[in-house]
Every structure is written in C-alpha cells, then in structure tokens.
**Q** 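Take this structure, written in structure tokens, and hold onto it; I'll ask about it next.
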Amino acid sequence: MAEMLEILGENAFRVRAYENLSRIFGNLERGAPEMLASGELEKQKGVGESSIAKVKEYTESGKIRAHEELKAKLPEGMLDLLKIPGFGPKKARAVWENLGIASLHELEEAARSGRLEELPGFAQKTEANILAGIELVKKNKGRFLWADAMHIIEPALKALAGHPATVKLEIAGSLRRRKETVKDADLVVSSENPAATADAFIEGMSPERVTARGDTKVSVLMPAGMAVDIRIVPAEDFPYALHHFTGSKEHNVAMRSRAQKLNRKMNEYGLFSIGRDGEEKRVECGSEQEIFKALGLDYIPPELREDMGEIEAAERGELPSLIEDAEVLGAVHVHTEYSDGHDTVPEMGAAAKALGFSYLVVCDHSRSAYYAGGLQVRDVKRQWREIDALNAEGGGIRFFKGIECDILPDGSLDYDEAVLAGFDCVIASVHSAFTLDEPAQTARIIAAVRNRYVDVIGHLTGRLLLQRDGYAVDVEAVLAACAEHGVAVEINGNPNRLDLDWRWVKRAKELGVRVVLASDAHMKGTIVHTFAAVGAARKGWLEKKDVLNALSADSFLRALRRNA
DNA sequence: GCCGTTTTCGGCCCGACTGTTTTCAGTCG
Ligand SMILES: Nc1nc2c(ncn2[C@H]2C[C@H](O)[C@@H](COP(=O)(O)OP(=O)(O)OP(=O)(O)O)O2)c(=O)[nH]1
Ligand SMILES: [Mg+2]
Ligand SMILES: [Mg+2]
Ligand SMILES: [Zn+2]
C-alpha cells in the first residue's frame, strides 16, 4: 500500500507510516494478526489508530478496503516500475497518466521508440537510463545470505587491513547489523591516502565491474552479482561516517531527530551544536561511543540499530548486555557419521574443544529421517556406549547424549518413552508434512512441546532463507506453550536457516522462553555456525542469562526441561 | 499517518548525485 500511495502522490510522511508498519512485520516474518492479538502492535512506535484498524480489518476479513480501492485505481504492473534504479514514484505516475504505461514491458517499448521524450523532464539520457535499468531488473540478484556476503568481502578486508594508508577499517551497513540477508556490502575506511586505498580495494576484490570510482566512494559489482560499496574518509570523520553507514536508515532518522530536539544536527560528517546565530560547531567524537554519549545515550551495539526501541532503552540505561561468542560454552546440535554427518563423535568433540567449548551435545537424526540416515534404536544405544566411553576417557570436553528427534505429523515423537528417557537432551523438530494447515501444524508442534521428554524445539519455522518460507505455524502460540512447559527454542545457526528469526527471538525473550544457540553442524568445520546463531541472538536482544548453552555443562543439564 | 520536557497542529533526517533546466525536482543511500 505504501508504494501505491506513493505513486498516487500521497503525502510522503503518510507513506512513511505505511512503510513503517511493513517494516515492523519484518516483511511478514512476524504475522500481523499475531502481533495484533498479543497486544504488541499498538505498543510499537509509529503505529496509531489507523494502522491498528487496518490490521484488525485484515485479521477479520482477510482484506483491507483501502487496499482494494488502491488496487482498483492502480494497474498491478505499476509497482514493477519502481524496481528500476533511478525510476521512482513521480516518474511512474508521469508515464502512467500521460502515456498510459502500466508495466515494465510497456515502458521498455516506449523508451525504445523514443515516445518517452514527449514528456517534460524525460530526454534521451533518461530514456537510456531506463532501458539500462530494466536490464538490471531482469537479471537482478536480489539479496544475499549474510555468510555469503562476509565471504565475498574477505579479500577486501585482507587487502586493506594491512595496507599502509589504512587508519581504521570497519564493515558497516546491514552486514555489521547482522541482518540475515543483505542487499550489498558496505565498508568504511579512514585513510591517509584515499587514492591508494581505492586502488588497493579494487585490486584486492578483482570485481566483475567497477561501477563508481572516486576518492571518497568506490563501488564494485562482484561476479556473484553483489555490490560492494566502500567509503573512504579522513580519520577525524571516521566515527560519524561509520555510524551513518551502519544505519539502519530508520535508526539514523531517529538519531537525527533526537539531535534536532537537542538543538544539534547530525550527518555523516559530524555531530554539530548550533549556536544562537545559527553557527554550527562540530562536537568532536573519537568513537561511536562518544557520539552516543553526546546525545545522552549509552552505546548501542550495531545489531540493535533498527529503531526497534533501542534508542529509548539507551536513554534509560536499559540496553541489554548482549551475549558474546566466548560466553557460549556448549556446542549443541551436531550431527555425526551415525546419521548424515561427515565426522565421528570424537572428531566433532576435538573440533568443539579446539574452538573453546567445554561440552558437546551430539544430536543425530532420529529413525523417521531415513533420508538423513536417522538412527535406529540399536544405533542410538551404540552411540550412547561410545559417548560413555569417551566421557570415561575424559578428553577435555564433555559429551552429552542428544538427538534431533522428528516430530511426526501427529505430534508424537520418533522413539518410545524408554528410549527418549535415556537421552540427556532432546531437540524436537519438523522434517516432514510441511504443508499441514496452520491449526494442524501448530497443534502438532505444541503436542511435542507438551511431551515431557522434549527439551528444545529445533528450527521452529523451517524457513530456508531466499528459498522457502517457513511452514504455516502460529509461532506466538508455540512460544507461549514453550514458556508454560519450560521448553527452550533453538536458534539454528545454519546460514540458510537462522531459525528462529531474530524478530521472534526478541518476542521469545519477552515471553520468558529460554534459547539454545545451535550449529546444526554436519562436519567439524561448521561448528562455528554456533556464532551465526550468536549473531541472531544478539540481534534478538539476548543476554547471557537467556541462553541455556551459556551455562556450564552441569547447569545446562539441570536447566533442561526433563530435569525441572 | 503519527506524535507531543517548547506542541493536540504543524512539523516529520540529511546530503550526494543526476538530468534537465535557468534555479531545482527526483531519487537514492
Ligand atoms: N540518514 C540516512 N541514512 C541512510 C538512508 N538510507 C541509507 N542510509 C545509511 C544507513 C544504511 O545502513 C547505509 C547503507 O545503505 P544500504 O542501502 O546499503 O542499506 P543497508 O546496508 O542498511 O541494508 P541493505 O544493504 O539493504 O541490506 O546508509 C537515509 O535515508 N538516511
Ligand atoms: Mg547495505
Ligand atoms: Mg550500500
Ligand atoms: Zn533439522
């Protein structure tokens, strides 16, 4: 609706309210009806009467009258036009009203034939840019996994970190904020020799194309289709530039309004106090910490900068002390060669130990996961004997007998009680019947939550980032059940999953649900995915006390539901 | 459409770049 209103020339601030609402739902990662029902929605900043009424209307009837009216007014294809870079709502409206153009295809034809030049404000260059832009839309790669983006920028970090001109270097943008997917990678560097830094960056990256090349900004397009932007600034500007380019946009806007109210001005070059003659004087800050301090705020970690309440919390001194990598003591949910993993139990143990973990919870697949070599009962027993033997040896890491147990379509588990009782820890997850409707899927998972042998719910929504939505499930209801029964939820650190999503993690914490940070590693090398889960946990405002596997081995065991 | 330690009405972040046009609107980050 925001885009439709924008094309129709609606007030930009009204449009912003609709965009804000869409952002709050995390582009539907969080369901609107669920947030309305739980009362969370009305508490959100920027959500007022009119928004609530529309969500209510949608919840009750599946439709919004105002939306239906907009659809009747505006041809469907119009929204596609906005995907063209440099082609916004004003141009879209102009071609639609004056030339009747209402789709990408029609716009392309008109640009080819020169018909666009009939319009005031449209000349040859605009036309050429539109054609080039349409080509870009066609081969648009969209977004990238956080982990893939990190991998792509490695050579830039290598080339610049040790470079003599480099003063400071940081990853910025959505990558620094730990968004699960990113549109591009943003870097900020302060340099004593901008030209040399630009050269080193380009040479290090070996891009497919250099799309912008100046002494303050370089953009490259990598073969994978991802853009990498780097800002090169003088050393004194670095903290302001870093804050600006870290974003998010909404956080920046909120910070700048705050500065305004304090009779200051904030941009990427500085924070300025404004004298009564209107004269601006920079408030010198040597770090982001000092910028926040100058605005009366505690330091806000990048992961929290989404304008989701972090500024208000920083003002009150109530920001969480976010969980850190080193605080996670247990490597949880690893597969071994018993099921579809690559390495042996002791090999996984040694790798976990080398990473600094003090215990390892082995969780192979259960028997119904036949495609993944799920364990028959005799294999379970064999693995238990091996684990007992390893623990008796005492190799410097403790092994726990876990399982990733399938939740069968009827909500029952994959072994009988006698077997389930023998595990130290059961992670229950869905690997089949993804297409159950929401009530059935929700009932199925809640049945597992009620099972006294279930300690953790694994990858609760089953989403695969950029590939497949989660199954239809009322996450709020499942979390409420978890809270009631003392069951934890997993953040699965597989870069394709990061499931439970951080937006829900924040909610889980509010509901009093504890969280397990899991790697779901299928080989030694991916136990580090635990730290991807840490990233999502931080983004979900979690502290050490919210995370079960930040407890020591004994305390972890005691804290599990089965031992409550 | 939302909001209130100057306000219930009148504001709403700020700057760079581009293309078109004699002074700026649109788009983007
Ligand atoms: N003040 C201000 N800053 C902005 C605005 N738009 C973007 N920025 C800043 C904050 C962003 O994090 C940063 C980089 O822009 P990007 O378009 O790359 O967005 P970001 O990296 O946050 O997300 P994405 O790349 O889409 O995954 O620039 C804006 O409208 N105002
Ligand atoms: Mg970005
Ligand atoms: Mg960018
Ligand atoms: Zn699984």
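Chain A is the first sequence line, chain B the second, and so forth, proteins listed ahead of strands; every chain is numbered from 1.
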**Q** Quick one: is B/dC13 close enough that its OP1 or OP2 comes under 4.0 Å of any side-chain N or O from A/Arg16?
**A** yes

**Q** Assign A/Leu5 to base, sugar-phosphate, or nothing according to its heavy-atom contacts below 4.0 angstrom with the strands shown.
**A** nothing

**Q** Measure from the side-chain N and O atoms of A/Asp325 to the backbone N and O of A/Thr530, and report whether any donor-acceptor pair falls under 3.5 Å.
**A** no

**Q** Under 4.0 Å between any heavy atoms, over every strand shown, what does A/Pro120 touch: base, sugar-phosphate, or nothing? Just pick one.
**A** nothing

**Q** Pick the P atom in B/dC17 and in B/dT21, then give their distance to the nearest Å.
**A** 22 Å

**Q** For A/Arg256, what residues pass the salt bridge (charged side-chain N to carboxylate O under 4.0 Å, His left out) criterion, not counting sequence neighbours?
**A** A/Glu268

**Q** Using a cut-off of strictly less than 4.0 Å, decide whether A/Asn267 has a side-chain nitrogen or oxygen near OP1 or OP2 of B/dG15.
**A** yes

**Q** Rounded to whole Å, please give me the gap between NZ in A/Lys183 and C1' in B/dC28.
**A** 9 Å

**Q** Please check the phosphate of B/dG1 (OP1 and OP2 only) for any side-chain N or O of A/Arg14 closer than 4.0 Å.
**A** yes

**Q** Would one find a side-chain N or O of A/Lys91 under 4.0 angstrom from OP1 or OP2 of B/dG19?
**A** no

**Q** Could you give the distance separating B/dT20 and B/dT27 at their C1' atoms, to the nearest angstrom?
**A** 14 Å

**Q** What heavy-atom pair brings A/Glu180 and A/Trp502 nearest, and what distance separates the two atoms?
**A** OE1-NE1, 2.9 Å

**Q** So, does A/Tyr269 get its side chain near the phosphate of B/dC13, meaning an N or O under 4.0 Å from OP1 or OP2?
**A** no

**Q** Quickly work out the A/Asp186 CG to B/dC28 C1' distance and round it to whole Å.
**A** 13 Å

**Q** What's the closest nucleotide to the side chain of A/Lys249 if the choices are B/dC13, B/dG19, B/dG1?
**A** B/dC13

**Q** With sugar-phosphate meaning primed atoms plus P, OP1 and OP2, does A/Val15 contact a base, only sugar-phosphate, or nothing at under 4.0 Å between heavy atoms?
**A** nothing

**Q** If only side-chain N and O atoms of A/Gln260 are considered, is one of them under 4.0 Å from the OP1 or OP2 phosphate oxygen of B/dC14?
**A** yes

**Q** Can you give me the closest heavy-atom contact between A/Glu280 and A/Ile274, atom names plus distance?
**A** CG-CG1, 4.3 Å

**Q** With heavy atoms under 4.0 Å as the rule, sort A/Met255 into base, sugar-phosphate or nothing.
**A** nothing

**Q** Closest nucleotide of DNA chain B for A/Ser257 versus for A/Lys125: which of these residues is on the 5' side?
**A** A/Ser257

**Q** If you measure from the P atom in B/dT7 to the same atom in B/dG11, how many Å do you get, rounded?
**A** 14 Å

**Q** When you get a sec, tell me which of B/dG29, B/dC14, B/dG1 is the closest nucleotide to the side chain of A/Lys265?
**A** B/dC14

**Q** Would you tell me if any nitrogen or oxygen in the side chain of A/Asn129 comes within less than 4.0 Å of OP1 or OP2 on B/dT18?
**A** no

**Q** On a whole-Å scale, what distance lies between the C1' atoms belonging to B/dC28 and B/dC13?
**A** 14 Å

**Q** Could you check how far CD of A/Glu127 sits from C1' of B/dG19, rounded to whole Å?
**A** 13 Å

**Q** Could you give the distance separating B/dT6 and B/dG1 at their C1' atoms, to the nearest angstrom?
**A** 23 Å

**Q** Looking at A/Thr126, I'd like to know whether one of its side-chain N or O atoms comes within less than 4.0 Å of OP1 or OP2 on B/dT18.
**A** no

**Q** For B/dG29 versus B/dT23, give the span between their C1' atoms, rounded off to a whole number of Å.
**A** 25 Å

**Q** What's the closest nucleotide to the side chain of A/Ala17 if the choices are B/dT20, B/dG29, B/dC2?
**A** B/dC2

**Q** Let me know, please, whether A/Arg256 or A/Val47 comes out on the 5' side of the other along DNA chain B by nearest nucleotide.
**A** A/Val47

**Q** For the residue pair A/Tyr240 and A/Asn267, what are the closest heavy atoms and their distance?
**A** CB-O, 4.1 Å

**Q** Tell me the partner of B/dT8, counting only Watson-Crick (N1-N3 plus N6-O4 or O6-N4) or G-U wobble (N1-O2 and O6-N3) with both under 3.5 Å; none if nothing fits.
**A** none

**Q** State, to 0.1 Å, how close A/Ile153 and A/Met205 come at their nearest heavy-atom pair, and which atoms those are.
**A** CA-CE, 4.3 Å

